[in-house]
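Here is the structure we will look at.
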Amino acid sequence: ETGVTQTPRHLVMGMTNKKSLKCEQHLGHNAMYWYKQSAKKPLELMFVYSLEERVENNSVPSRFSPECPNSSHLFLHLHTLQPEDSALYLCASSQVEGGNYGYTFGSGTRLTVV
Amino acid sequence: GENVEQHPSTLSVQEGDSAVIKCTYSDSASNYFPWYKQELGKGPQLIIDIRSNVGEKKDQRIAVTLNKTAKHFSLHITETQPEDSAVYFCAAMINYQLIWGAGTKLIIKP
């Protein structure tokens, strides 16, 4: 375990379903991130919560909705997804300021939309 | 904005040989350059990093070099072993956010 836990590890959902991905970090970090990783594509930053401020990537469709109730938990709510949304969704955390900038990633949720 | 290019996309080396992966960045304000290793079924894991005030850093078989003038940095792995097979990502930090390279798949041939 890296200190960042993602659940579930695998998820298969239909296009009309609603589901949520969960991320929890035990490192005392103050920033959390959602990334999408598709085959043969770079890591795509979706959302950032940093120092309790949400920074949103404007190119993310509204069918993805993040929620960060506190600095340790991050959710990604999914609804009416498309098959092209199938990917590995990675959560990461980091400490903004203080000199230690490294991101710690979870193991990801492998999402398949059918 | 910042752009990071990573080469090669695939690298195949004989076990025991060295491997070098190179990245270039565009924004001279970038101040932190980590390298991540991603094994199958896992998230990326930080393996080494370097700050803009340092030219080289080493940790056992891996090293990173930074040329600020040319705006490029490289990962060097010596005496490669089968467990080095993975995808490696470079990144550059600006305003506390990482901009990622596209990744290099490293294959170690027995």
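The sequence lines fix the lettering, A, B, ..., with proteins before strands; numbering per chain opens at 1.
Each of B:R51, B:K42, B:Q45 has some count of heavy-atom pairs under 4.5 Å with chain A, and the biggest count is that of B:R51.
For B:A102, the side-chain contact (heavy atoms from CB on, under 4.5 Å) partners at least two apart in sequence or on another chain are A:P42.
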What pairs of donor and acceptor atoms, side-chain ones from residues 11-18 of chain A against any protein atom, are under 3.5 angstrom apart with sequence neighbours left out?
{"residue": "A:N17", "atom": "OD1", "partner": "A:G14", "partner atom": "N", "Å": "2.8"}

Give every donor-acceptor pair under 3.5 Å between a side-chain atom in residues 84-94 of chain A and any protein atom, sequence neighbours left out.
{"residue": "A:D85", "atom": "OD1", "partner": "A:R63", "partner atom": "NH2", "Å": "3.0"}
{"residue": "A:D85", "atom": "OD2", "partner": "A:R63", "partner atom": "NE", "Å": "2.7"}
{"residue": "A:D85", "atom": "OD2", "partner": "A:R63", "partner atom": "NH2", "Å": "3.4"}
{"residue": "A:D85", "atom": "OD2", "partner": "A:Q82", "partner atom": "N", "Å": "2.7"}
{"residue": "A:S86", "atom": "OG", "partner": "A:P83", "partner atom": "O", "Å": "3.0"}
{"residue": "A:S86", "atom": "OG", "partner": "A:V113", "partner atom": "N", "Å": "2.8"}
{"residue": "A:Y89", "atom": "OH", "partner": "A:D85", "partner atom": "O", "Å": "2.6"}
{"residue": "A:S93", "atom": "OG", "partner": "A:H29", "partner atom": "ND1", "Å": "2.7"}
{"residue": "A:S94", "atom": "OG", "partner": "A:Y33", "partner atom": "OH", "Å": "2.7"}

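A:R9 touches chain B through its side chain: at least one heavy atom from C-beta onward sits under 4.5 Å away, while N, CA, C and O do not. With a threshold of 4.5 angstrom between heavy atoms, B:P44 approaches chain A through its backbone and through its side chain. Only the side chain of B:Y32 comes within contact range of chain A, judged by heavy atoms closer than 4.5 Å. In this structure, the portion of A:Y35 lying under 4.5 Å from any heavy atom of chain B is its side chain and not its backbone.
In B:N95, the CG atom is not crowded: 12 or fewer heavy atoms of neighbouring residues, nucleotides or ligands sit closer than 6.0 Å.
Of all residues in residues 64-81 of chain A, none places a non-hydrogen atom less than 4.5 angstrom from a non-hydrogen atom of chain B.
Between the side chains of B:Q6 and B:T104, at least one donor N or O sits under 3.5 Å from an acceptor N or O. Counting only N and O atoms by type, the side chains of A:Q37 and B:Q38 include a donor and acceptor under 3.5 Å apart. Using a 3.5 Å distance cut-off with no hydrogens or angles, the side chains of B:S26 and B:E2 do pair a donor with an acceptor.
Closest approach of B:T80 to B:I108, counting heavy atoms only: CB-CD1, 3.7 Å.
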